[in-house]
Amino acid sequence: QVQLVESGGGSVQAGESLRLSCAASGYTYTGSCVGWFRQAPGKEREAVAFISSGGATIYYADSVKGRFTIIQHRAENTLSLRMDGLKPEDTAMYYCAAEGTFDSCYVSRGTDFRYWGQGTQVTVSS
């Protein structure tokens, strides 16, 4: 049984950094990609960053390009999201997800992923 557990969220000031981690158990890197999503109150869940099962970064949302970095630590079976230069608009619940479909990973950037973590809250104040 696959389990994804996020950690590393918190409350920070604008301009500061956080590093989110997602520990995966029982996962064998099937599917087209793994990635991070976020969901702010009253908004739809949106894709933040994806990395292919082979370890290549394949997507960053325009709003985070140049500030966020997705890293896959395959030996430790963890997925990280380093977030620098945080802005108040980055405030959201952040989720890691695994085993995305080809369409979600490469075309629609949608939420058709088989496995999801429970989320970790990131709050950025100005």
Side-chain angles (χ1 to χ4, degrees):
Q1 183 176 351
V2 175
Q3 278 194 313
L4 304 176
V5 180
E6 301 98 333
S7 61
S11 296
V12 297
Q13 298 286 321
E16 294 183 343
S17 299
L18 280 174
R19 184 183 178 109
L20 306 183
S21 291
C22 175
S25 59
Y27 185 61
T28 57
Y29 294 94
T30 53
S32 292
C33 75
V34 294
W36 288 93
F37 288 78
R38 66 186 181 187
Q39 187 167 18
K43 294 189 176 181
E44 291 189 355
R45 191 168 297 191
E46 64 171 349
V48 175
F50 294 164
I51 194 164
S52 74
S53 295
T57 302
I58 57 176
Y59 176 72
Y60 286 110
D62 288 343
S63 58
V64 308
K65 280 180 184 175
R67 300 188 298 122
F68 289 12
T69 305
I70 187 170
I71 305 168
Q72 186 180 76
H73 310 275
R74 199 147 179 169
E76 292 83 23
N77 229 15
T78 61
L79 183 70
S80 297
L81 184 69
R82 179 172 176 83
M83 306 185 295
D84 296 316
L86 282 162
K87 303 176 180 180
E89 51 264 43
D90 293 318
T91 295
M93 185 72 79
Y94 283 72
Y95 300 89
C96 71
E99 202 168 309
T101 64
F102 182 90
D103 181 83
S104 281
C105 294
Y106 291 96
V107 181
S108 67
R109 316 304 186 181
T111 58
D112 195 359
F113 283 65
R114 185 172 181 182
Y115 303 107
W116 292 85
Q118 82 289 348
T120 186
Q121 178 67 37
V122 172
T123 303
V124 185
S125 55
S126 57

> Does a side-chain heavy-atom distance below 4.5 Å link E46 with R109?
no
> Find out if a path of hydrophobic residues (ILVMFWY) with successive side-chain heavy-atom gaps under 4.5 Å connects V122 to I70.
yes
> Hey, is the main chain of A24 close enough, under 3.5 Å, to the side chain of N77 for a donor-acceptor pair?
yes
> What's the verdict on side chain to side chain donor-acceptor pair (under 3.5 Å) for R38 and S63, showing C-alpha distance, side-chain angles and the deciding distance?
CA-CA 12 Å; R38 66 186 181 187; S63 58; 3.2 Å; yes
> Applying a strict under-4.5 Å side-chain criterion to I, L, V, M, F, W and Y, I'd like to know whether Y106 and I51 cluster together.
no
> Below 4.5 Å, heavy atoms only, C-beta onward: do T69 and Y60 meet side chain to side chain?
yes
> If you take all heavy atoms of F113 and S104, which pair is closest and at what distance?
CE1-CB, 3.9 Å
> Are the aromatic ring centres of Y115 and Y95 under 6.0 angstrom apart?
no
> Kindly give the heavy-atom pair with the smallest separation between K43 and Q39, and that separation in Å.
O-NE2, 3.1 Å
> Do side-chain atoms of T91 reach the backbone of P88 as a donor and acceptor pair under 3.5 angstrom?
yes
> Determine yes or no for a side-chain-to-main-chain donor-acceptor pair under 3.5 angstrom, with R114 supplying the side chain and E99 the backbone.
no
> To the closest 0.5 Å, what do you measure between OG (S17) and CZ (F68)?
9.5 Å
> Nearest heavy-atom pair of M93 and Q121: which atoms, and what distance?
SD-N, 3.5 Å
> Hey, mind stepping through W36 and C22 against side-chain contact (heavy atoms from CB on, under 4.5 Å) and telling me if it holds?
CA-CA 9 Å; W36 288 93; C22 175; 3.8 Å; yes
> Are L20 and V12 connected into the same hydrophobic cluster when the rule is that any two of I, L, V, M, F, W, Y join if their side-chain heavy atoms are below 4.5 Å apart?
yes
> Grab the two heavy atoms, one from V5 and one from Q118, that are nearest each other, plus how far apart they are.
CA-OE1, 3.7 Å
> Taking the six-membered ring for Trp and the single ring otherwise, decide whether the centroids of W116 and F37 are under 6.0 Å apart.
yes
> C105 vs I58, test: side-chain contact (heavy atoms from CB on, under 4.5 Å). Steps then yes/no.
CA-CA 8 Å; C105 294; I58 57 176; 4.1 Å; yes
> Measure from the side-chain N and O atoms of Q72 to the backbone N and O of L79, and report whether any donor-acceptor pair falls under 3.5 Å.
no
> At their closest point, which heavy atom of Q13 faces which heavy atom of S125, and how far apart are they?
NE2-OG, 3.3 Å
> Give the cluster check for V34 versus M83: same hydrophobic cluster or not, with ILVMFWY residues linked at side-chain heavy-atom distances below 4.5 Å.
yes
> If you measure from the Lys or Arg side-chain nitrogens to the Asp or Glu carboxylate oxygens, is any gap between K65 and D62 under 4.0 Å?
yes
> Taking all non-hydrogen atoms of both residues into account, name the closest pair between G35 and F50 and its distance.
CA-CD2, 3.9 Å
> Please check if the side chain of R74 supplies one atom and the backbone of S53 the other of a donor-acceptor pair under 3.5 Å.
yes
> side-chain contact (heavy atoms from CB on, under 4.5 Å), that's the test. Do S80 and H73 meet it? Break it down for me.
CA-CA 8 Å; S80 297; H73 310 275; 3.0 Å; yes
> Say you draw a straight line from CG of D84 to CG of L18; how long is it, rounded to the nearest 0.5 Å?
9.5 Å
> State yes or no: do L4 and L81 share one hydrophobic cluster built from I, L, V, M, F, W and Y residues joined by side-chain heavy-atom distances below 4.5 Å, directly or via other members?
yes
